[in-house]
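Comments concern the structure below.
First the proteins, then the strands, lettered A, B, ... as listed; each starts at 1.
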There are 2 protein chains.
Amino acid sequence: MKNRLSEGARAAPAGTNERPTLKTIAFMTGLGITTVSRALKDAPDIGTETKERVRLVAAQIGYQPNRAGVRLRTGKTNVISLILSLEEEIMGLTSPMVIGISEVLATTQYHLVVTPYRAQGNALDPVRYVLETGAADGVIISRTEPKDPRVALMMERNFPFATHGRTEMGLTHPYHDFDNERFAYEAVRKLVEQGRKRLVLLQPPPYLTFYLHMRAGFERGIRDFGATAVPFNEVNLDSSLVDIRRAAENLLRAPNAPDGIVSGSGSGAVALVAALEADGLKLGEHIDLVSKESQMLLQWLRPEVMTMREDIRLAGRELAKAVIARIEGRAPEELQTLSYPIPTGET
Amino acid sequence: MKNRLSEGARAAPAGTNERPTLKTIAFMTGLGITTVSRALKDAPDIGTETKERVRLVAAQIGYQPNRAGVRLRTGKTNVISLILSLEEEIMGLTSPMVIGISEVLATTQYHLVVTPYRAQGNALDPVRYVLETGAADGVIISRTEPKDPRVALMMERNFPFATHGRTEMGLTHPYHDFDNERFAYEAVRKLVEQGRKRLVLLQPPPYLTFYLHMRAGFERGIRDFGATAVPFNEVNLDSSLVDIRRAAENLLRAPNAPDGIVSGSGSGAVALVAALEADGLKLGEHIDLVSKESQMLLQWLRPEVMTMREDIRLAGRELAKAVIARIEGRAPEELQTLSYPIPTGET
DNA sequence: CAAAATCACTATATCGTTACAGTTTTCCCA
DNA sequence: TGGGAAAACTGTAACGATATAGTGATTTTG
């Protein structure tokens with residue numbers, strides 16, 4: 001009944017196997033473009049039967065909305081921007097993070113755009129870029145600082161984002177974080193259980209939030225389990241492995257050298273092992289080491305190193321879910337998650 | 001002189017600190033939108049002085065073309081799509097690859113979109129997606145097969161792309177590859193120099209092109225240096241480290257066990273080391289191992305392992321340059337590069 | 001039974017950009 | 001001096017989608 005091809009025949013779309021648009025569907029169903037658009041959006045003012053018909057045809061010809069069209073008209077980009085620091089590459093965190101995010105985005109319309117920045121000082125640039133050009137609907141950042149200007153900026157603009165790592169600005173925003181406090185605390189416990197007393201921490205660079213957490217867990221462990229903290233500030237997790245090794249060799253040769261080490265990363269631990277063995281020390285005998293570990297490397301090549309795992313891929317998944325939820329308007333306080341050290345051996 | 005604000009005053013753009021568009025510049029200069037557009041494109045029919053003026057204003061207000069507008073009108077997305085397999089994450093190749101690509105794209109207008117696919121069988125899906133939706137101007141793929149359907153498809157459609165790894169289809173396309181033939185050949189040389197005679201290769205999965213190269217180099221080395229190849233087909237570089245270790249333990253306990261191993265990846269080598277030590281063998285004494293190595297892990301924890309480096313970040317840079325050149329119309333035969341094993345110790 | 005409300009659908013304008021087809025103005029040359 | 005061409009600029013339409021403001025039937029309601 002309703003299928004009158006009424007006033008002024010609609011133009012047939014040009015090429016036969018061009019990419020279908022709303023116009024194509026409109027032509028095929030005899031409806032107006034607007035109707036098709038609204039039908040696909042399940043708008044309340046379109047008849048049930050019509051919606052059915054439109055959906056059928058759309059599925060049949062494999063219609064997919066033109067992203068540029070939508071973006072131009074509505075401003076919605078369907079893009080999540082992952083902003084990363086080149087330092088992360090050194091730690092090898094990028095791969096599993098990207099994979100984790102992708103796993104979640106694959107079930108949505110979102111694409112993942114990766115934007116790295118060079119030096120520490122430029123961390124704000126990519127965020128500004130996204131804000132100014134509207135390049136994405138949401139942003140994921142990592143390596144947060146206690147007072148993070150990127151977080152301040154995006155909060156001020158009310159722009160959806162999620163952070164890998166927490167902040168300390170009294171602002172409530174979505175985050176996912178690994179419990180580095182717990183990690184360091186448990187690490188100290190293990191060392192003391194081995195009879196170690198003079199402990200050092202190979203820690204994050206001091207301007208990052210998780211420095212505070214890891215440091216706090218370490219200090220708390222020192223107090224609770226009755227050990228002594230030996231300072232080790234010449235290098236940190238961002239230093240090159242060569243520098244870490246050199247600094248550790250010096251430390252271990254100094255008077256009052258430590259007999260237990262906590263390493264905040266697996267690759268850092270490798271440098272530490274190289275250093276202590278160069279100094280003729282034996283793991284498990286003269287000294288003990290607890291480390292984060294991502295693969296099975298340490299576990300197999302130096303089983304004496306005690307390890308705990310941090311699941312970065314999970315972090316990627318959580319962060320992706322959080323930004324999307326934020327874009328959809330969920331409250332930030334519901335989008336904060338923590339993950340915990342995984343005892344080596346478990347999945 | 002030319003600055004007449006002539007017939008029918010042009011509408012002033014709305015909000016004061018909205019994002020500037022061509023319209024904004026047109027209003028500020030008193031020119032038409034078309035003129036501004038063409039001026040910024042350095043078109044020949046615009047006066048030199050006018051171009052200057054437009055460029056100045058554009059720079060002043062920080063004009064950046066709206067990507068959605070350009071994309072809708074011209075079809076140019078200014079996007080490069082990196083398509084990766086989840087297997088790559090296991091090898092940890094993603095990070096440096098992404099960084100390398102980004103380094104190059106940062107100097108251009110291109111954005112990097114990362115699209116992973118799940119299982120081996122779905123490798124074509126993301127390529128089809130890009131082709132069908134026009135989601136990118138160019139594509140980078142890796143893990144090529146000798147007859148690679150993705151390459152065939154993109155060649156047929158004349159779509160710009162570059163591959164990490166070569167193919168063997170008689171089609172000329174841009175690629176970057178590591179010389180795995182040379183790597184394996186040199187590895188065999190080193191082992192024979194240590195007096196090793198019965199050699200195995202921990203090789204790539206057989207359906208990938210670089211299996212052929214690595215295998216060929218290995219066999220050639222065996223012939224040239226007079227050694228024997230011991231088969232080892234139960235596992236390959238895509239196998240889990242646990243499986244590799246188990247298979248290697250069995251191999252080493254069998255009669256006629258090898259006394260030299262070539263490993264196509266650093267993490268594979270870790271599993272091999274774990275296996276041979278579990279069997280009570282000593283590196284450099286009962287057996288020798290040559291491996292690719294990306295970090296300093298093996299070098300420091302098992303200096304007895306001989307290593308060569310593959311620069312994945314460089315690969316990323318080369319691939320990015322190649323796709324872009326291809327998009328700009330350069331001939332594919334000019335866009336094929338190889339990189340060579342880097343002796344450990346050099347940068 | 002006329003006025004109001006509801007239902008199902010549609011035309012138009014617009015987002016920012018560029019291809020194309022003009023329009024003026026100036027200048028040159030026969 | 002007039003015709004033609006070159007130089008410099010501009011209006012319109014279109015890319016594909018959607019927000020807004022309709023239109024014309026049909027149904028409800030007082």
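The side chain of A/Tyr63 contributes no N or O atom lying less than 4.0 Å from OP1 or OP2 of D/dG16. Between D/dA17 and A/Ser37, no contact under 4.0 Å exists linking OP1 or OP2 to a side-chain N or O. In this model, the phosphate group of C/dT18 is approached by a side-chain N or O of B/Lys41 to a distance below 4.0 Å at OP1 or OP2. For the OP1/OP2 pair of C/dA8 and a distance below 4.0 Å, the side-chain nitrogens and oxygens of A/Thr50 include no atom meeting the criterion.
Rounded to whole Å, the distance from CG on A/Leu40 to C1' on C/dC9 is 15 Å. For B/Leu72 and D/dA13, the CG to P distance is 17 Å, given to the nearest whole Å. Counting to the nearest Å, the P atom of D/dG16 and the CZ atom of A/Arg71 are 17 Å from each other. Rounded to an integer number of Å, the gap from B/Glu52 CD to D/dA8 P is 14 Å. Rounded to whole Å, atom P of D/dG16 lies 19 Å from atom CZ of B/Arg67. Atom-to-atom, CD1 of A/Ile46 to C1' of D/dA19 comes out at 14 Å; the value is rounded to the nearest Å. Between the CG atom of B/Leu22 and the C1' atom of C/dT14 there is a distance of 16 Å, given to the nearest Å. As a whole-Å value, the separation of A/Lys51 NZ from C/dC7 P is 12 Å.
A residue-by-residue look at B/Asn66 and B/Arg38 shows that B/Asn66 has its nearest nucleotide of DNA chain C further toward the 5' end.
A salt bridge links A/Glu103 to A/Arg313: one of the charged nitrogens lies within less than 4.0 Å of a carboxylate oxygen. Salt-bridge formation is detected for the pair B/Arg330/B/Glu334: a Lys NZ or Arg NE/NH1/NH2 atom is positioned less than 4.0 Å from an Asp or Glu carboxylate oxygen.
Residue-level contact check: B/Thr35 touches the bases, meaning some heavy atom is under 4.0 Å from a base atom. The residue A/Thr74 sits close only to the backbone: its heavy atoms come under 4.0 Å of sugar-phosphate atoms, none of a base.
A donor-acceptor contact under 3.5 Å is formed by the side chain of B/Thr34 with the base of D/dG11. Donor-acceptor pairing under 3.5 Å, judged by distance alone, is absent between the side chain of A/Asp45 and the base of C/dC7. With hydrogens and angles ignored, a donor-acceptor pair under 3.5 angstrom links the side chain of B/Arg73 to the base of C/dT18.
Note that NE2 of A/His111 is 8.0 Å distant from OG of B/Ser81, once rounded to the nearest 0.5 Å.
None of B/Ile46, B/Leu22, B/Thr35 except one satisfies the side-chain contact (heavy atoms from CB on, under 4.5 Å) rule with B/Leu40; the exception is B/Leu22.
Aromatic rings of A/Phe159 and A/His173 (six-membered ring for Trp) have centroids beyond the 6.0 Å cut-off, not under it.
When distances run from any side-chain atom of B/Ile33 to the nucleotides D/dT18, C/dG16, C/dT18, the shortest one goes to C/dT18.
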